[in-house]
Q: 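Pasting in a structure now, in structure tokens, and then I'll have a few things to ask.
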Amino acid sequence: MASTTEETAGPSARPPIEVRYCEVCTFPLEYCEFGSSFSKCKEALLQEDPDLYNKFYSEEALQAKLGTLSLEAQSKLEKDTAAKEAKAEKKADALLKKKMVTIKRIERNKRKFVTSIHGLEAFGVDLKKAAKLFAQKFATGASVTKNPQGLEEIVVQGDVSGDIVEMIEDQVGLLKGVPKDNIVEIEEKKKKGGGD
């Protein structure tokens with residue numbers, strides 16, 4: 001038996017609920033307050049849709065929500081929200097700080113140096129291609145090796161640490177996208193023996 005659209009739709013059929021998601025925390029708008037970036041969510045919603053912002057965060061809406069909470073619970077909720085936001089910001093800063101490019105100038109013999117570059121892979125740089133770029137640029141040997149911590153790094157023959165920093169700052173070739181602020185330059189000297 002074939003059914004018509006009227007039979008399947010019927011009087012009890014309801015249209016699907018439309019759920020809008022926050023552009024900041026990606027939660028449904030009703031749940032932004034449980035995320036770690038509540039104040040940013042509110043600002044974004046105010047700019048995007050002031051009417052919807054008033055529905056959720058106007059004085060009347062907030063009083064209706066908070067009417068069931070005691071004064072003590074309200075202040076605790078505000079403190080918890082502020083603490084969550086501060087924690088999320090610290091975490092984001094820590095992640096950015098972890099992404100550092102370390103350029104070491106290592107002394108091999110009296111006047112022989114090698115330059116070690118570590119951390120480029122965090123910015124999406126192919127280490128083998130970068131080693132080839134450095135080898136061609138400085139007309140010297142460059143290779144990808146594992147350091148004592150087991151992480152890959154580029155080792156370039158010669159004292160070219162300053163030139164490599166300049167290449168990264170100038171965003172040369174493959175090195176585009178590596179921020180200038182995330183570069184650390186270190187000089188490592190060979191330890192002298194005790195019998196001088």
Side-chain angles (χ1 to χ4, degrees), residues 21-27 32 34-48 80-196:
Y21 292 93
C22 177
E23 292 179 8
V24 177
C25 68
T26 68
F27 289 166
C32 284
F34 302 109
S36 59
S37 55
F38 183 49
S39 60
K40 290 179 184 174
C41 295
K42 283 172 50 176
E43 290 171 16
L45 184 61
L46 179 61
Q47 290 176 355
E48 184 184 323
D80 288 349
T81 303
K84 279 183 186 178
E85 288 179 7
K87 187 176 180 181
E89 285 179 23
K90 283 183 183 177
K91 191 174 184 180
D93 289 344
L95 283 174
L96 186 63
K97 286 180 182 175
K98 281 184 182 178
K99 286 185 174 184
M100 296 299 285
V101 176
T102 308
I103 300 171
K104 284 186 190 173
R105 177 180 171 233
I106 305 168
E107 184 178 354
R108 289 286 179 190
N109 291 331
K110 299 247 183 212
R111 284 183 275 157
K112 304 266 183 186
F113 296 94
V114 293
T115 304
S116 154
I117 304 104
H118 169 71
L120 287 174
E121 69 278 355
F123 298 100
V125 176
D126 184 354
L127 295 182
K128 288 183 180 181
K129 289 180 181 177
K132 189 173 181 181
L133 173 76
F134 294 140
Q136 290 173 348
K137 169 78 175 168
F138 305 118
T140 185
S143 63
V144 178
T145 60
K146 288 200 179 223
N147 63 10
Q149 290 84 23
L151 303 170
E152 288 189 335
E153 66 181 5
I154 300 171
V155 177
V156 182
Q157 300 296 317
D159 178 14
V160 292
S161 58
D163 298 326
I164 291 174
V165 170
E166 285 178 22
M167 285 178 73
I168 292 173
E169 287 175 350
D170 295 342
Q171 302 283 306
V172 175
L174 301 167
L175 306 174
K176 288 181 180 158
V178 179
K180 298 174 188 178
D181 300 334
N182 290 30
I183 302 169
V184 178
E185 199 172 353
I186 301 171
E187 185 170 340
E188 194 174 286
K189 290 189 176 182
K190 201 169 192 179
K191 293 178 180 145
K192 294 180 182 178
D196 270 342

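Values below: every heavy atom of this structure, side chains too, minus hydrogens, waters and symmetry copies.
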Q: Distance-only criterion, 3.5 Å: show the donor-acceptor pairs between side-chain atoms of residues 154-168 and protein atoms not counting sequence neighbours.
A:
residue	atom	partner	partner atom	Å
D159	OD1	R105	NE	3.2
D159	OD2	R105	NE	3.0
S161	OG	E185	OE2	3.2

Q: For E43, check side chain to side chain donor-acceptor pair (under 3.5 Å) against everything at least two apart and list the hits.
A: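 Side chain to side chain donor-acceptor pair (under 3.5 Å) check on E43 returns nothing, list empty.
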
Q: Could you pull out all donor-acceptor pairs under 3.5 Å where a side-chain atom in residues 116-136 meets a protein atom, sequence neighbours excluded?
A:
residue	atom	partner	partner atom	Å
S116	OG	E153	OE1	2.9
H118	ND1	E152	O	3.4
D126	OD1	K128	N	3.3

Q: Among residues at least two apart in sequence or on other chains, which ones pass side-chain contact (heavy atoms from CB on, under 4.5 Å) with K112?
A: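 Partners of K112 by the side-chain contact (heavy atoms from CB on, under 4.5 Å) criterion, ordered by chain and then number, come out as R108, N109.
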
Q: Name all residues meeting the salt bridge (charged side-chain N to carboxylate O under 4.0 Å, His left out) criterion together with E169; count only those two or more places apart in sequence or in a different chain, and write none if there are none.
A: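 E169 satisfies salt bridge (charged side-chain N to carboxylate O under 4.0 Å, His left out) with no other residue.
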
Q: Tell me, please, which residues at least two apart from K104 pass salt bridge (charged side-chain N to carboxylate O under 4.0 Å, His left out).
A: E188

Q: So with a 6.0 Å cut-off around CD of E23, is the heavy-atom count from everything else above 12?
A: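 No, not enclosed.
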
